[in-house]
J.: 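This is the structure I have questions about; it appears just below.
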Amino acid sequence: MFRSRSWFGAAWGRPKNPHSLEHLKYLYNVLSRNQTVSEHNRGLLVETLRSIAEILIWGDQNDSSVFDFFLEKNMLSFFLRIMRQRSGGSSYVCVQLLQTLNILFENIRNETSLYYLLSNNHVNSIIVHKFDFSDEEVMAYYISFLKTLSLKLNPHTIHFFYNEHTNDFPLYTEAIKFFNHPESMVRIAVRTLTLNVYKVEDASMLAFIRDRTAAPYFSNIVWFIGKHIHELDACVRNDADHQSQNRLSDLVAEHLDHLHYLNDILLLKITDLNQVLTDHLLHKLLIPLYIYSLSSIRRQSEVTMETATQNLARVLNKSLSSFEQQESANGKVSSVVSLFLLSQVFLIISHSPLIRYLAWIILRTERSTFDQGLDKLSEHYEIFKRKFELTECEQSSQLEIESNASSSGSKENLLEEPKNVTDEEKEKLASTPTESTNISEKPFLETVYNSLDCTDNDYAALFALCLLYALANNKGVLPDLLELVLKPRMSPSKSVGRDIKYSYNTHLVEKLLHIVILSCQPSCRVRLVTLELALKLLLQLVTCDGQNVMSDLHKTSIEAARTQSTALLRNFYKSEEIFLDMFEHEYCDMSKGPLNVEWLCMDSAILLPPTGTPMTGIDFTKRLPCGEVERARRAIRVFFLVRDAVLTLNGEIETQLPLTNPQSCVQIDTALDLSIARYNSDLIACTVVWKDGQKIRRFLVIDIMQLILVEPDTKKLGWGVAKLVGFLQDIEVSGDKDDSRCLHITIHRPLSSGSTSRIPLLSAKFVFDDNIRCMAAKQRLTKGAFTHTGKTGAGSGSGAGCNVIKFGLAHTVRSGVMPSRLFVSPDQNSINRWPGREAACRFQG
Amino acid sequence: MSYAYLFKYIIIGDTGVGKSCLLLQFTDKRFQPVHDLTIGVEFGARMITIDGKQIKLQIWDTAGQEAFRSITRSYYRGAAGALLVYDITRRETFNHLTTWLEDARQHSNSNMVIMLIGNKSDLESRREVKKEEGEAFAREHGLVFMETSAKTAANVEEAFINTAREIYEKIQEGVFDINNEANGIKIGPQHSPTNPSLPGTGGQGGSQGGGCC
């Protein structure tokens, strides 16, 4: 192949080896001779461009001379020339061109090669080229190309894209033009690119972004989020019958995407950029739309908001035709939507300057301030911040702060504060009154509190709880703000050595207790998720340093709720046949994990008015129960939730649940000492015959809770190894018409195991030595469960063994274990008075 | 070239498992796999035929964006199919599957079809993960499984097409809401039967392996 040292001397014919310098020379010649795209050479050009990508990457990995040739011949300029031609079918060629570039930039490992490729500004010319973006394919390849480039950005390469002298950054400015493209993948690519750009540490580039692009880009984003939220609100308003769940779930997911994107930007901690973004978010979206929607009565301040909207329109230089009409008709969204969206904000965004201000507005703003409009709001916030800093400094150095106060007198004047702050006055300032007396003076907090009322339903209450929970758990919120509102205050007494006094938000605690008490009433309209969240928040409100600081009055209230939940539950174990199975199943289901509020707020289903029908596909805990079985399940869960909360408040740990302690059950392959009474009394020899004819000789052991098939242990005399175990309540047994020595036994998998498969553990014929043994086995398995009633059980494995009771039900043997202490007060703790037994007896009869 | 449906795929898995190579191998067969060349790409599209219908696949690689939560979230949500790839010669890439799957299940729409791919099946001598293990994982999590090699192109075609077939079946069953583009499925532009395809655009692309249609 080696013919000449001159590039031009290369073979005109196609070289055999596609991966060689010779081949690139050949391709170069093809390009040179086909500089004009026509119908005839399009195919050839596409294949040439493709081959160039292949050989360049091969060269990058194997032979550096290939790249040298490419650069020396300035082959990128051919690319430009080709794409600038209008001639037919160019999108076909353009797609290949873009793909070649993608391959090039993605696969090049050699840093120097990359620099050379970028050095002659051709890439920027390609970026600004106006491709036919209406072609879906071109658009996708183009945006992928830009994204690929953004992944190559670093403090060195940034200068190839951002030109400090011309103040030009086409990669970024071209990309953000597509930020609201209808195609989701394009939007995602743009977002990826922006984040990749922001994270490059280059001061002048970031200054460019801030000065030239941040305001329009961010205000556009903010405007579209606002528009989006009105769509979401309309969707919620018009869909009381759960018809457009899909649409709603998209809108909610989209809002979450926005918030996560904004949070990702904020997390990069680029101070200047964050300031602009925070400012836009607060004053053009979060305050005028989210927060103001919380106050239900139209106020003077709405005028301000309308002005804000108009300002926004002016800033965006957009005609707000339909949007504006909507806005002026009703600038707000429903308070339910606003509570939901604010919860998401507090759950996702943690940037403290933004979060702090927002939290302050919700928790502290008074009606008078609110009526004065946005400007006053921020002024008051400044005062608050100053006060906070003041107390902070005071703690560190008293003297310093005093000298500061006198020196910065002019500022103090501005804030209308006395020049010389006395200790007493400072104390007053620090302890802003937050007691219930003036709640009505705080319009936003008032709405949140009022939403907690569940008398009719818990629709809004759930969101109010979410918001309060999110506020209380956001790391960006000042602890100072939360004190006495969402967490207890600890006030050390003046004299040393005395008890520390705790105080908490009694008003809110009472509201929450009311939800809990209401939940324990029959046929109430509080969903399980609302109860769980209310309890979760309640615990936070009254727990300080791991200690329960609840007042006696409130303790009595929650105890009363617990009694009530027990009473509610008792109604059901009388009537539900499979009560114990359900009881265990629900416990198992609930112990899978506590409520995740962030996940809860991702579920659009909760935005629609609470429903009772399972047809909507809404999770059981997020809707009202439907039918008796679900009401029983609900009662069981209420019982568990309240019980758990009370235990936690009392600092106790659960010792009685679950009823079946897996540790005390016999496991497969455990060796058992068959000589001890527990097993010996029930030992019956039998042959197990499977459907496929397979036969195995085993010993049948019927324990208090389990059926165990045992094989004699070859190593230890008198011992056996458990080969199969099943719970008695999971067993179905029936006799054989033709053979009195036989029983047909089916062992189901435990309901509580969580496995969805309902294939039985075992379904086989058991052949006993004679009909008497067979009868004995059957008795043990059916009525047998009953004879165990009241027997003290080692089964629970805890000290409270006497609580274990078994009972059999109906024709199939459904038995279970029930610690009576959970349900029955000590004086009633007698089996005979246990209503479940009567029911069982009736069934047996 | 017109199509009946467009399916959007994403490829996920640890770095270095060969995601972008699989993508290129599938979308552009003209790149012959050779041993002294590792080459991949982050985006590709190709037309396939299922049940006599033209279906366009758009495949987006998500590599290098894991640092941003917002990006991962949206990618999952916008896809109808996902190829979850591990490297059979590196045990840890198999061990990370659970995390990937959790992420996918949390963010994606519940109908998204996930295919598990054990890549680099050509490197039998360096195998660290048995085929049976991959199968077991797939069975346990309800995924379709296949071992592929981007180097020899073995099963690459099948992996992408089987996934498409499953999505197509779900559409036939009415599981997917095809009018909702957020699901990663798009109905093709209304093509009238009298409209002869624009000269060249379709035909050539098809004959060349469809790398550019």
Side-chain angles (χ1 to χ4, degrees), chain A residues 18-19 39 42-43 46-47 50-51 53-54 57-58 61-62 88-89 91-93 95-96 98-99 102-103 106-107 136-137 140-141 143-145 147-148 151 182-185 187-189 191-192 195-196 199 246-247 249-250 253-254 256-265 267 348 599 602, chain B residues 1 3 6 8 10 20-21 24 27-28 30-32 34 36-45 56 58 60-65 67-75 77-79 106-107 109 177 179-184 186 189 198-205 207-209 211-213:
Chain A
H19 297 141
E39 288 224 359
R42 268 191 337 200
V46 164
E47 176 54 24
R50 191 204 63 80
S51 301
E54 185 170 352
I57 302 311
W58 175 84
Q61 293 170 12
N62 299 286
S91 88
Y92 173 50
V93 183
V95 160
Q96 185 60 61
L98 288 166
Q99 184 68 328
N102 269 336
I103 292 173
E106 160 129 29
N107 293 279
E136 178 181 79
E137 192 96 6
Y141 278 102
I143 208 72
S144 299
F145 171 54
K147 193 190 77 185
T148 303
L151 287 165
E183 181 60 60
S184 71
M185 288 296 183
R187 292 199 301 273
I188 300 167
R191 289 179 173 194
T192 314
L195 290 164
N196 284 336
K199 76 176 180 193
N246 281 337
R247 168 96 184 112
S249 108
D250 281 341
E254 195 78 6
L256 287 166
D257 276 357
H258 291 313
L259 291 182
H260 277 291
Y261 175 56
L262 297 169
N263 191 47
D264 276 342
I265 299 177
L267 283 178
I348 293 166
W599 288 9
M602 285 163 63
Chain B
M1 192 173 177
Y3 50 81
L6 183 146
K8 284 177 233 172
I10 51 169
S20 60
C21 296
L24 184 67
T27 53
D28 201 338
R30 296 167 299 172
F31 285 91
Q32 296 291 322
V34 282
D36 53 354
L37 182 64
T38 313
I39 179 166
V41 72
E42 279 179 13
F43 171 79
K56 184 164 173 173
Q58 256 191 10
W60 301 77
D61 185 2
T62 59
Q65 290 134 36
F68 302 115
R69 197 168 164 202
S70 59
I71 304 301
T72 341
R73 242 190 78 83
S74 334
Y75 262 122
R77 227 161 45 74
Q106 194 196 332
H107 297 305
N109 103 39
D177 178 10
N179 293 311
N180 182 353
E181 283 185 22
N183 285 341
K186 208 166 142 180
L198 293 166
T201 39
Q204 285 185 26
S207 65
Q208 283 169 353
C212 43
C213 48

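Within every chain, numbering begins at 1; the chains are lettered A, B, ... in the order of the sequence lines, protein sequences first and strands thereafter.
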J.: Using a cut-off of under 4.5 Å on heavy-atom pairs, state which of A/Ser144, A/Ser184, A/Ala253 scores highest against chain B.
T.: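 Ranked by contacts with chain B, first place is A/Ala253.
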J.: Name the option with the most non-hydrogen atom pairs under 4.5 Å to chain B; the candidates are A/Asn107, A/Ile143, A/Asn263, A/Thr148.
T.: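 Most pairs with chain B among the choices: A/Asn107.
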J.: Between A/Trp58 and B/Ile39, is there a side-chain heavy-atom distance shorter than 4.5 Å?
T.: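 With C-beta onward as the side chain, the pair stays apart.
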J.: Counting heavy-atom pairs closer than 4.5 Å to chain B, which one of A/Arg247, A/His258, A/Glu254, A/Arg187 comes out on top?
T.: A/Glu254
J.: Are any of the side-chain heavy atoms of B/Tyr75 and A/Met185 separated by less than 4.5 Å?
T.: yes
J.: Specify which of A/Lys147, A/Lys199, A/His19 makes the most heavy-atom pairs with chain B at under 4.5 Å.
T.: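 Option with the greatest count: A/Lys147.
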J.: Using a 4.5 angstrom heavy-atom cutoff, name the option from A/Met602, A/Glu136, A/Glu183 with the most pairs to chain B.
T.: A/Glu136
J.: Could you tell me if the side chain of B/Arg30 sits less than 4.5 Å from the side chain of A/Val46, heavy atoms only?
T.: yes
J.: Can you label the angle between the B/Trp60 ring and the B/Phe43 ring as parallel, tilted or perpendicular, going by 30° and 60°?
T.: tilted
J.: With a 4.5 Å heavy-atom cut-off, do B/Gln58 and B/Lys8 have their side chains touching?
T.: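 Side-chain contact under 4.5 Å: yes.
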J.: Counting heavy-atom pairs closer than 4.5 Å to chain B, which one of A/Leu256, A/Leu262, A/Leu259, A/Ile348 comes out on top?
T.: A/Leu256
J.: Would you mind checking which part of A/Glu54 comes under 4.5 Å of any heavy atom in chain B, side chain (CB onward), backbone (N, CA, C, O), both or neither?
T.: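 Its backbone and side chain both get close to chain B.
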J.: Chain A: which of B/Gly40, B/Ala79, B/Ser70, B/Ala67 shares the most heavy-atom pairs with it under 4.5 Å?
T.: B/Ser70
J.: In chain order, what residues pass the side-chain hydrogen bond (donor to acceptor under 3.5 Å, both in side chains) check against B/Arg73, with sequence neighbours excluded?
T.: A/Asp257
J.: For a 4.5 angstrom cut-off between non-hydrogen side-chain atoms, does A/Gln99 reach A/Ile103?
T.: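 In short, these two side chains touch, coming nearer than 4.5 Å.
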J.: Heavy-atom cut-off 4.5 Å, strictly under: side chain, backbone, both or neither for A/Ile188 against chain B?
T.: both
J.: Checking heavy atoms, do the side chain of B/Arg69, its backbone, both or neither come under 4.5 Å from chain A?
T.: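 The answer is both parts of B/Arg69.
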J.: If you count heavy-atom pairs within less than 4.5 Å of chain A, which of B/Gly44, B/Ser20, B/Ser74 leads?
T.: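 Between B/Gly44, B/Ser20, B/Ser74, the count favours B/Ser74.
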J.: I'd like to know whether A/Arg50 forms a side chain to side chain contact (heavy atoms under 4.5 Å, CB included) with B/Phe31, so could you lay out the CA-CA distance, the side-chain angles of the two residues, the decisive distance to 0.1 Å, and finally the verdict.
T.: CA-CA 8 Å; A/Arg50 191 204 63 80; B/Phe31 285 91; 3.5 Å; yes
